[in-house]
There are 2 protein chains.
Amino acid sequence: MEFGPDDQIDYDGPVTPYKQLAAILKARILRGDWLPNRPIPSEARLVQEYGLARTTVRRAIQVLVDEGILFVMPQRGTFVSPPSTPAQG
Amino acid sequence: MEFGPDDQIDYDGPVTPYKQLAAILKARILRGDWLPNRPIPSEARLVQEYGLARTTVRRAIQVLVDEGILFVMPQRGTFVSPPSTPAQG
DNA sequence: ATTAATTTGTTCGTATGTATC
DNA sequence: TGATACATACGAACAAATTAA
């Protein structure tokens, strides 16, 4: 068994909370909880939902932004990136 | 009663303090004081608790890390390794 | 047009760990 | 032994743009 993205944060675990949240959000996206070009819950909402500080939530989001999974529209929200369309095959 | 890892360090004994501490920590882990994937007390805490220098504490921890009993997550803490599950007998 | 609420952006301070010198 | 660096987390506050009423 290994560390997987549950729905709860393990504060005392070896994996930092922001990495846990990043994994959780990624899993939820892949699961289809939020669709491409659709916003994920606001930072404030995620703070509530997972009981984390906003800085921690933002760090998790930044991870997924760096991975190209999310993109941010300032003052509008954070959205699920559309599937890569290389060459428009 | 036999010779075993007590809770106190014998500075005048034949066994070096860091080896004594390693034995103590190992005993406490096997006893279940700290569970798998859970952090053991911080280095600073162990320094206080056993009255040892930090270098000594770290040396003791390194022994158990080498034995696979502990693993360190930088900037996070030192954790008890999960039980090896070979073949899941 | 005003106002208020929402949402991301930014910064500061405090605390806790290990890492390093 | 002591000091500093680095990574992480929480809390709070404020700015700026957007949106809704």
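Below, chains carry the letters A, B, ... as their sequence lines are ordered, and counting in each starts from 1.
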Please state how far atom [atom1] in [X] lies from atom [atom2] in [N], giving the value in whole angstrom units.
| X | N | atom1 | atom2 | answer |
| --- | --- | --- | --- | --- |
| A:Met73 | C:dT6 | CE | P | 21 Å |
| A:Ile40 | C:dT7 | CD1 | P | 12 Å |
| B:Glu43 | D:dG2 | CD | P | 16 Å |
| A:Phe71 | C:dG9 | CZ | P | 13 Å |
| B:Leu46 | C:dG17 | CG | C1' | 12 Å |
| A:Gln75 | C:dT8 | CD | P | 9 Å |
| A:Ile9 | D:dC10 | CD1 | P | 9 Å |
| B:Leu52 | D:dT1 | CG | C1' | 14 Å |

Practice task
Can you figure out which of D:dT8, C:dT8, C:dT18 approaches the side chain of A:Thr16 most closely?
Solution key: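 Within the option list, the nearest is D:dT8.
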Value rounded to 0.5 Å, distance of [atom1] in [X] from [atom2] in [Y]:
| X | Y | atom1 | atom2 | value |
| --- | --- | --- | --- | --- |
| B:Ile24 | B:Arg31 | CD1 | CZ | 9.5 Å |
| A:Glu49 | A:Ser42 | CD | OG | 10.0 Å |
| A:Leu35 | A:Ile40 | CG | CD1 | 13.0 Å |
| B:Ile29 | B:Ile69 | CD1 | CD1 | 6.0 Å |
| A:Arg58 | A:Tyr18 | CZ | OH | 14.5 Å |

Handout entry: 5' priority, DNA chain D, between A:Pro74 and A:Tyr18 [closest heavy atom]
Key =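 It is A:Tyr18, whose closest nucleotide lies nearer the 5' terminus.
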Problem - Phosphate-side-chain proximity, A:Tyr11 and D:dA9, N/O vs OP1/OP2 below 4.0 Å - result: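 So the side-chain polar atoms of A:Tyr11 never come under 4.0 Å of the phosphate oxygens OP1 or OP2 of D:dA9.
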Practice task
Scan A:Leu70, A:Val63, A:Leu64 and name whichever one has a side-chain contact (heavy atoms from CB on, under 4.5 Å) with A:Lys26.
Solution key: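 Between A:Lys26 and the candidates, side-chain contact (heavy atoms from CB on, under 4.5 Å) is satisfied uniquely by A:Leu64.
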Practice task
Flag the pair A:Asp10 and B:Arg38 as a salt bridge only when some basic side-chain nitrogen lies within less than 4.0 angstrom of an acidic carboxylate oxygen.
Solution key: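 B:Arg38 and A:Asp10: salt-bridged.
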Handout entry: Stretch residues 53-64 of chain A: residues that reach within less than 4.0 Å of DNA chain C through a heavy atom
Key =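 Close to the strand are A:Arg54, A:Arg58.
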